[in-house]
Each structure stands twice: as structure tokens, then as C-alpha cells.
Peer 1: 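Dropping the structure in here first, questions after.
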Amino acid sequence: MTTIQWFPGHMAKAKREVQEKLKLIDVAFELLDARVPMSSRNPMIDDILGQKPRLILLNKADMADEAVTEQWIRYFRDQGRTAIAIDAQSGTGVRQIAAVAKEMVKEKFDKMRAKGIKNPRPVRALIVGIPNVGKSTLINRLAGRHIAKTGDKPGVTKAQQWIKVGKEMELLDTPGILWPKFEDEDVGFKLAVTGAIKDEILNLQDVAVYALRFLSVHYPERLSERYRLDNIPADIVALFDAIGRRRGCLTAGGGIDYDKVADIVLYDIRTEKLGRLSFETPAAWT
Ligand SMILES: Nc1nc2c(ncn2[C@@H]2O[C@H](COP(=O)(O)OP(=O)(O)OP(=O)(O)O)[C@@H](O)[C@H]2O)c(=O)[nH]1
């Protein structure tokens with residue numbers, strides 16, 4: 001497993017690498033995490049992709065709140081962009097990608113035909129996204145076989161060739177890896193909550209505090225149900241205590257083991273024990 005350290009030099013290199021690849025392709029697939037579409041977005045993406053046709057793929061939609069994902073699709077549509085929800089792991093939504101991509105580059109290909117090219121080449125595409133957003137999983141899914149290395153931990157993508165996706169599309173087998181806006185603390189927490197950045201990077205209790213505050217406001221009924229709480233204490237320590245007591249997270253001295261509570265809450269979020277959750281809504285971005 002490689003660990004990506006994002007320093008200014010690395011970011012400049014990553015940008016250059018993506019821009020080199022852009023010369024080879026017709027359409028870019030911007031892969032985002034449907035649960036946190038803004039936090040999983042590269043802050044310079046418009047600058048990096050320029051005028052290249054772009055299809056936004058809201059991945060891991062199986063874990064996101066469906067209603068919120070619909071809002072995001074509308075949000076992007078209002079900005080003149082096309083977004084679709086997919087689940088690269090199970091393949092839901094993946095089959096429509098080639099058709100939508102083809103439609104997006106129709107003008108360019110019509111021009112080729114007008115110049116007398118009868119059978120233009122397949123539409124060429126590149127996947128770009130931050131670490132752990134599902135690039136390798138999607139490449140494998142589109143290829144219909146195992147090509148790219150995937151992993152639970154961030155930073156595992158390797159190897160470059162065209163992969164055939166049906167007759168009409170081909171994909172570069174090495175995705176463009178870009179960085180998130182990690183200087184923003186909120187972004188860091190959201191990426192940590194959804195498991196996109198490694199648990200060693202931020203303090204787990206801090207991440208759990210962030211998650212519980214969010215859930216208390218946006219999904220209180222899920223917390224009540226999961227941890228059998230009659231009411232959700234407004235005080236965060238009281239909430240940790242309540243969950244800790246329910247789950248028997250006690251220290252040797254009989255106090256609450258806050259690390260254990262944090263572990264349980266984050267595990268429950270990441271394994272959908274609290275249901276499908278979205279941690280960002282478009283309302284904050286309009
Ligand atoms: N539930 C769910 N999990 C997914 C989906 N897509 C990918 N995953 C999981 O997310 C994790 C990361 O996926 P990868 O395909 O390795 O991500 P990547 O973007 O290639 O990661 P790097 O190699 O770090 O750049 C893996 O555990 C996948 O199984 C999805 O649509 N739904």
C-alpha cells in the first residue's frame with residue numbers, strides 16, 4: 001500500500017499528470033463520494049479539467065441518503081453539469097455511464113463523421129478522483145474483470161493501457177489521483193467519518209464527536225433507534241456516556257471508555273448500521 005503525502009510539489013505533479021492524460025481522452029469521469037460530494041472533490045478540479053467534457057459520478061450511492069443524492073444530482077444539473085449516482089462495488093448505475101458519456105461527446109464525434117471518418121474510434125475516458133473514492137473498483141467494474149488493485153485503505157492505485165468497455169468506450173487503466181481540500185478542517189472530518197482518510201491521521205474521538213454532532217441534528221431518530229436512547233442529550237459528553245452505557249464501554253475504573261464509544265460509532269456509520277447517511281447537502285452550497 002502506498003501512502004500519498006500531499007505536499008505542494010506532489011499536488012503540482014498530480015495536476016500535471018492528469019493534464020497529460022487529458023490530452024488522450026474525450027471525457028473525464030469525476031468520481032465523488034455521494035455521501036460527501038463537496039469534501040471528496042478536488043478544490044482545483046475546474047482549473048485542472050478545463051473545458052474537457054466531464055461526467056460527475058456520485059459513487060458509493062448505496063451508502064448515501066437517496067433523497068440527498070437526488071438533491072445533489074439536481075444541484076449539478078443547475079450548474080450545467082451531468083451527474084449520475086452509481087455503486088461501483090455492486091455495479092448499480094454503472095451500465096449507463098458509457099451511454100451518457102457518448103452523448104456528452106456526440107458533437108465531437110459527429111464532426112469526425114462529417115469529415116468522412118465512417119467508424120470513429122471508441123470514446124476515450126479517464127477516471128479522476130481523490131484517494132479511496134472507488135477509482136479502482138470502478139475501473140474493474142467497467143472492465144468486467146480484475147485490472148486495478150483496490151483496497152480498504154487509501155492510496156492503493158497502480159500500473160497504463162486502454163481498457164475496452166463494450167464496443168463504444170475505452171478507459172485509461174490508471175486513474176488520475178487528485179487531492180481533497182484538506183486544509184479545511186470540516187473536510188478532514190467528513191473524509192475521516194466516511195473512511196476516506198486513514199484513522200491514524202485524526203483523533204478518533206474528535207472524529208466521532210463531529211459525527212455524533214452531525215447525526216444529532218440530521219438523523220437523531222437513527223441514533224435513538226440504534227443505541228436505544230429515549231432522547232439525544234444535547235451535551236456531547238452526555239451523549240458519549242449514554243451510548244457507552246448502552247454498549248458496556250467501561251474502563252477498568254468503571255468510567256466510560258470514550259475511545260471504545262468512538263470506535264463503535266464510526267464502525268456503525270461505515271458499515272451502514274445507522275442506515276444510509278449523507279454528510280453534506282447542497283443547501284450549504286447554494
Ligand atoms: N459501498 C461501496 N463501497 C465502495 C464502492 N466503490 C468502492 N468501494 C469501496 O471503497 C474502498 C476504496 O475503493 P478503491 O477502488 O480502492 O478506491 P481508489 O479510489 O481506487 O483508491 P486509491 O487507490 O487509494 O486511489 C474499497 O474498500 C471499495 O470496496 C461503492 O460504490 N459502494
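Owing to the predicted nature of the structure, the values given are computational and were not obtained by experimental measurement. When a ligand or atom number is given, it counts from 1 through the structure's own listing order.
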Peer 1: Start with the C-alpha distance between Asp173 and Lys135, add both sets of side-chain angles, then the distance that settles salt bridge (Lys or Arg N to Asp or Glu O under 4.0 Å), and finish with yes or no.
Peer 2: CA-CA 10 Å; Asp173 75 343; Lys135 299 180 294 300; over 6 Å; no

Peer 1: Under a 4.0 angstrom heavy-atom cut-off, which atoms of ligand 1 come close to Ser136?
Peer 2: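 Matching atoms, with element in brackets: 15 (O), 18 (P), 20 (O).
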
Peer 1: May I ask which of Gln89, Met63, Arg141, Arg35 has a heavy atom nearer to atom 9 (C) of ligand 1 than the others do?
Peer 2: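 Nearest option to atom 9 (C) of ligand 1, by heavy atoms: Gln89.
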
Peer 1: Enumerate the atoms of ligand 1 whose separation from the nearest heavy atom of Thr137 is less than 4.0 angstrom.
Peer 2: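 Answer for ligand 1: 6 (N), 7 (C), 13 (O), 14 (P), 15 (O), 28 (C).
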
Peer 1: Within the 4.0 Å heavy-atom shell around Gly134, which atoms of ligand 1 are there?
Peer 2: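 Result: 7 (C), 13 (O), 14 (P), 15 (O), 17 (O), 18 (P), 19 (O).
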
Peer 1: Where the closest heavy atom to atom 2 (C) of ligand 1 is concerned, which of Asp62, Ile177, Val94 has it?
Peer 2: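 The residue whose heavy atom sits nearest atom 2 (C) of ligand 1 is Asp62.
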
Peer 1: Any Lys/Arg nitrogen of Asp26 or Lys108 sitting under 4.0 Å from an Asp/Glu carboxylate oxygen of the other?
Peer 2: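 Lys108 and Asp26: salt-bridged.
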
Peer 1: For the pair Gln89 and Asp62, evaluate side-chain hydrogen bond (donor to acceptor under 3.5 Å, both in side chains) and give the outcome as yes or no after the intermediate values.
Peer 2: CA-CA 9 Å; Gln89 191 151 272; Asp62 55 309; 5.2 Å; no

Peer 1: Could you check whether the rings of Trp72 and Tyr75 sit parallel, tilted or perpendicular, using 30° and 60° as the cut-offs?
Peer 2: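 Trp72 and Tyr75: perpendicular rings.
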
Peer 1: At less than 4.0 angstrom from any non-hydrogen atom of Asp87, what atoms of ligand 1 do you find?
Peer 2: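 Once the distances to Asp87 are compared, the set is 30 (C), 31 (O), 32 (N).
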
Peer 1: Who are the salt bridge (charged side-chain N to carboxylate O under 4.0 Å, His left out) partners of Asp199, not counting sequence neighbours?
Peer 2: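 By the salt bridge (charged side-chain N to carboxylate O under 4.0 Å, His left out) rule, Asp199 matches Arg270.
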
Peer 1: Give yes or no for whether the N/O distance cutoff of 3.5 Å, strictly under, is met between Ala88 and ligand 1.
Peer 2: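 So ligand 1 has an N or O lying under 3.5 Å from an N or O of Ala88.
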
Peer 1: Could you tell me whether some N/O pair between Val133 and ligand 1 is separated by less than 3.5 angstrom?
Peer 2: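 So ligand 1 has an N or O lying under 3.5 Å from an N or O of Val133.
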
Peer 1: Using the ring pair (Phe, Tyr, Trp, His ring centres under 6.0 Å) criterion, which residues pair with Phe279? Sequence neighbours excluded.
Peer 2: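 Phe279: ring pair (Phe, Tyr, Trp, His ring centres under 6.0 Å) contacts with Phe214.
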
